[in-house]
Participant: 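The following block contains the structure, expressed as structure tokens.
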Amino acid sequence: MKHGILESGLSMRIPKEGDSFAIQSYKHDGSLHRTWRDTMVLKTSEDALIGCNDHTLVTESDGRRWLTREPAIIFFHKHYWFNVIAMIREGGVSYYCNLATPFTMDQEALKYIDYDLDVKVFADGEKRLLDVDEYEAHRKLWHYPATTDRILKANVKVLVDWINHGKGPFSQAYVDLWYRRYIQLAHRI
């Protein structure tokens, strides 16, 4: 499941506010990596999707299953090669950012290719680039194109700029707004 196949092989559907959807991440070789069962749509636009999940079932490629521990606001975009998970914890918001293809969506799930590199932002603002060794191993194993490597490295810079400037999902006001909206929608169901 190469990025081009993700783009051209799936028909896009736009879910409505309050709908639930699954998320599926794949690896560059097309193998399913991880699935999240239920995420609620908070907002969709032509380019982005904002959602929330809380204690949702996650299934790993090896069959292991676990539940997320806290509410999380998720941000996906069609033009950026990353997605952002803002985990709302007692000690503050921490972030897990996947370097990945822009998302696509079909009747089954929101889908993207995960490229191993991750940026974790702790509640105190500390940032860490994770899984560089895993990225390099998979880059060699699956022969990532040079263009993919350049795009991912450029998007790490964009992501760090967003973090440093509190842009979009890295703003406390953004997290508060979308979490309040999630609570409102959840009470209607």
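FYI, the numbering just counts along the sequence from 1. These numbers were taken from a predicted model, which means no experiment stands behind them.
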Participant: Do Val158 and Val121 share a hydrophobic cluster, counting only Ile, Leu, Val, Met, Phe, Trp and Tyr and linking them when any side-chain heavy atoms are less than 4.5 Å apart?
Facilitator: yes
Participant: Would you call Glu17-Arg181 a salt bridge at under 4.0 Å N-O?
Facilitator: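 A salt bridge is present here (some side-chain N lies under 4.0 Å from a carboxylate O).
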Participant: If only side-chain N and O atoms count, and only distance matters, is there a donor-acceptor pair under 3.5 Å linking Ser94 with Arg89?
Facilitator: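 The answer is yes; a qualifying pair exists.
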Participant: Is it the case that the side chains of Ser45 and Asp47 hold a donor-acceptor pair, with the cut-off being a distance below 3.5 Å and no angle test?
Facilitator: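 Result is no, nothing qualifies.
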Participant: Indicate yes or no: at least one non-hydrogen side-chain atom of Arg128 is less than 4.5 angstrom from one of Val119.
Facilitator: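 Of all side-chain heavy-atom pairs linking Val119 with Arg128, none is under 4.5 Å.
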Participant: Looking at the rings of Tyr144 and His28, which for Trp means the six-membered one, are their centres under 6.0 Å apart?
Facilitator: yes
Participant: Please work out whether the ring planes of Trp162 and Phe170 are parallel, tilted or perpendicular, with thresholds of 30° and 60°.
Facilitator: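 Taking Phe170 first and then Trp162, their aromatic rings stand perpendicular (interplane angle over 60°).
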Participant: Got a salt bridge between Asp161 and Lys167, using NZ or NE/NH1/NH2 to carboxylate O under 4.0 Å?
Facilitator: no
Participant: For the pair Asn83 (side chain) and Phe75 (backbone), establish whether a donor and an acceptor sit closer than 3.5 Å, ignoring hydrogens and angles.
Facilitator: no
Participant: Between Trp36 and Gln24, is there a side-chain donor-acceptor contact under 3.5 Å, judged purely by atom types and distance?
Facilitator: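 Per modelled atom types, Gln24 and Trp36 side chains form no pair under 3.5 Å.
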Participant: Judged by atom type as modelled, is there a donor-acceptor pair below 3.5 Å linking the side chain of His55 to the main-chain atoms of Arg69?
Facilitator: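 It does hold such a pair.
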Participant: Hey, does the side chain of Ser25 reach the backbone of Ile113 with a donor-acceptor pair shorter than 3.5 angstrom?
Facilitator: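 Checked: no pair found.
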Participant: May I ask you to check whether Phe76 and Tyr112 place their ring centers less than 6.0 Å from one another?
Facilitator: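 Yes, the ring centres sit under 6.0 Å apart.
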Participant: Taking the six-membered ring for Trp and the single ring otherwise, decide whether the centroids of Tyr135 and Tyr115 are under 6.0 Å apart.
Facilitator: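 Between Tyr135 and Tyr115, the centre distance exceeds or equals 6.0 Å.
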Participant: Are Leu185 and Val41 side-chain neighbours, meaning at least one heavy-atom pair lies under 4.5 Å?
Facilitator: no
